[in-house]
Amino acid sequence: MKMINVVNGPQNVSAVVMGCMRMPALSVEAAARMICTAAEEGVNFFDHATCYGDGEAETRFGDAFPQTGLRREEIFLQSKCGLHFDRKEFDWSKEDILASADGILKRLKTEWLDVLLLHRPDLLFDPEEVAEAFSQLKKSGKVRHFGVSNVTPGQLELLKKYVEVPLVFNQLQFSLDQTQLIDNGLYLNNLTTERSINRDNGILDYCRLHDITIQAWSPLQFGMFKGCFVDHPAFPELNWVLGELGEKYGVSRTAIAIAWILRHPARMQAIAGTMNPEHLKDICSAARVFLTHQEWYALYLASGKFLP
């Protein structure tokens, strides 16, 4: 497994993250087997959120982990807070962050959380409240590192003006189909394509400049949860190139699609949301592949882009 040292953050973390959103579909025993499979493949980083099954994903993980035989110190647990679909609001208030952190720790049955992320921006967020919550969680030992999810450079700058702890992660959507993070830089000032539109205020370059590690969510999806592009008939050219490179490197199309993300010099992590042990093994084999510069571009172009 490829490992990453996060600046001002956790060290020696796996480039592939196991996303636990779908874990409520598993029994406790199956969840334990899934965690063990991840560990056997070198995955030591697990991603949660309070909204995943209304906390059920964290509960299932917390119940399953003691059955794995793994030590808490061997893994990194991350969760996200702020989304309240039941209340139809996003909430980054100090009160909600602190209450969410306590709930996460209780459900995961752990004394500390390695990483806490704010999950999508609260349009009413007060950076001073966030700063107070983070400081309290850090001093109490409940949370060791902090970050955000789907947050713009301006929002990060506002947070950093008040927050004393480093913000070391930003979870953003990125895949061979969803390439908004990199498109604008290529098609800058080009009126012939909508890919020239700056949709995120240069968040990729911002994160690189400020030592914020990007965690790519939905790395195999097209659209907004429309499905997986691997082996999908709507992507014939992309799947042909994925297959050709898969044969060259002795891995699957899926692994090549993940390797494309890991090849980027931003040193991203890719979040694998599967609850199928064999599929997870397949994804993890991407860490053995280092695509050439030309192969990376071949995949990018095969996904429907062009060189201006």
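What you see below is based on every heavy atom in this structure, not just the backbone, and it leaves out hydrogens, waters and symmetry mates.
Side-chain contact check for I203 versus L156: some heavy-atom pair is nearer than 4.5 Å. A heavy-atom distance below 4.5 Å is not found between the side chains of C20 and E58. At a threshold of 4.5 Å between non-hydrogen side-chain atoms, the residues V130 and K94 do not count as touching. D114 has its side chain out of reach of P10: every pair of non-hydrogen atoms, C-beta onward, lies at least 4.5 Å apart. Side-chain contact between M1 and C284 is present, with heavy atoms from C-beta onward closer than 4.5 Å. Side-chain atoms of H84 and D96, non-hydrogen and from C-beta on, do get closer than 4.5 Å to each other. Residues L204 and L172 have side chains not in contact (no heavy-atom distance under 4.5 Å, counting atoms from C-beta outward). Considering only heavy atoms from C-beta on, F134 stays 4.5 Å or farther from V143 through its side chain.
Within 6.0 Å of the CD atom in E111, the count of heavy atoms belonging to other residues, nucleotides or ligands does not exceed 12. Within 6.0 Å of CD in Q294 there are 12 or fewer heavy atoms belonging to other residues, nucleotides or ligands. Residue L209 places its CG atom among more than 12 non-hydrogen atoms of other residues, nucleotides or ligands, all under 6.0 Å distant. For D86, the CG atom sits in a packed shell: over 12 heavy atoms of surrounding residues, nucleotides or ligands are nearer than 6.0 Å. The number of heavy atoms from other shown groups lying within 6.0 Å of CH2 (W240) does not exceed 12. The number of heavy atoms from other shown groups lying within 6.0 Å of CZ (F306) is above 12. Atom CZ of R267 sits in a sparse spot, with 12 or fewer heavy atoms from other residues, nucleotides or ligands closer than 6.0 Å. For R288, the CZ atom counts as loosely surrounded, since its 6.0 Å shell holds 12 or fewer non-hydrogen atoms of other residues, nucleotides or ligands.
Under a hydrophobic clustering in which Ile, Leu, Val, Met, Phe, Trp and Tyr are joined whenever their side-chain heavy atoms come within less than 4.5 Å, directly or via other members, L26 and V17 fall into different clusters. Hydrophobic clustering, with ILVMFWY side chains joined whenever heavy atoms are under 4.5 angstrom apart, keeps L186 apart from L191. Clustering ILVMFWY residues whenever any of their side-chain heavy atoms sit less than 4.5 angstrom apart, transitively, puts M268 in a cluster other than the one holding L117. In this structure, M275 is a member of the same hydrophobic cluster as L280, with clusters built from ILVMFWY side-chain heavy atoms closer than 4.5 Å. Following chains of ILVMFWY side-chain contacts shorter than 4.5 Å, one cannot reach V7 starting from V165, and the two form parts of different hydrophobic clusters.
Scanning both residues, N239 and F229, for their nearest heavy atoms gives ND2-O, 3.0 Å. The two residues V241 and A302 make their nearest non-hydrogen contact at CG2-CB, 3.7 Å. A pairwise comparison of heavy atoms in A64 and V28 identifies CB-O, 3.5 Å as the closest pair. Minimum heavy-atom separation, R87 to D91: NH2-OD2, 2.9 Å. Nearest approach of D200 to P153, heavy atoms of both residues: O-CD, 3.4 Å.
For the atom pair CE (M18) and CD1 (I271), the distance works out to 12.5 Å, reported to the nearest 0.5 Å. In this structure, E132 CD and L137 CG are separated by 12.0 Å, a value rounded to the nearest 0.5 Å. The distance from atom CG of D122 to atom OG of S93, rounded to the nearest 0.5 Å, is 7.5 Å. Q215 contributes atom CD, which lies 8.0 Å from atom OG of S149 (distance to the nearest 0.5 angstrom).
With no hydrogens or angles considered, no side-chain donor-acceptor pair links S175 and D177 at under 3.5 Å. When only modelled atom types and interatomic distance are considered, Y206 and E157 share a side-chain donor-acceptor pair under 3.5 Å. When only modelled atom types and interatomic distance are considered, Q173 and Q180 share no side-chain donor-acceptor pair under 3.5 Å. No side-chain N or O of K138 forms a donor-acceptor pair with one of H145 less than 3.5 Å apart. A donor and an acceptor atom, one from each side chain of D47 and W217, are nowhere located under 3.5 Å apart.
The aromatic rings of Y300 and W296 lie parallel to each other, their planes meeting at an angle below 30°, with 60° marking the opposite boundary.
S14 places a side-chain N or O within 3.5 Å of a backbone atom of N44 that can act as its donor or acceptor partner. E247 places no side-chain N or O within donor-acceptor distance of the main-chain N or O of E244, the cut-off being under 3.5 Å. Judged by distance alone, with hydrogens and angles left aside, the side-chain atoms of E74 form a donor-acceptor pair with the main-chain N or O of R71 at under 3.5 Å.
Sequence neighbours left out, the pairs with a member in residues 249-262 that pass side-chain hydrogen bond (donor to acceptor under 3.5 Å, both in side chains) are D231-R253, Y249-E295, S252-D282. Pairs engaging residues 1-48 under the ring pair (Phe, Tyr, Trp, His ring centres under 6.0 Å) rule: F45-F169, F46-F61, H48-F61 [sequence neighbours left out].
Tested against I212, the residues V6, N170, V151 include a single side chain to side chain contact (heavy atoms under 4.5 Å, CB included) partner, N170.
Between E29 and R33 there is no salt bridge, since no side-chain N of the basic residue sits under 4.0 Å from a carboxylate O of the acidic one. Between E194 and R199 a salt bridge is recorded (basic side-chain N to carboxylate O distance below 4.0 Å).
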| Check against side-chain contact (heavy atoms from CB on, under 4.5 Å), F146 and V168 | CA-CA 6 Å; F146 300 85; V168 298; over 6 Å; no

| field | Criterion side-chain hydrogen bond (donor to acceptor under 3.5 Å, both in side chains) on N190 and T192, from CA distance to verdict | value | CA-CA 6 Å; N190 189 330; T192 68; 2.5 Å; yes

| request: Evaluate the side-chain hydrogen bond (donor to acceptor under 3.5 Å, both in side chains) criterion for residues K305 and Y187: first the C-alpha distance (whole Å), next the side-chain angles of each, then the deciding distance (0.1 Å), finally the verdict. | output: CA-CA 10 Å; K305 287 77 176 182; Y187 300 107; over 6 Å; no

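A cation-pi contact, defined as under 6.0 Å to the ring centre and within 45° of the axis, is absent between R120 and W92.
Close placement of the F222 and H232 rings is indicated, their centers lying within 6.0 Å of each other.
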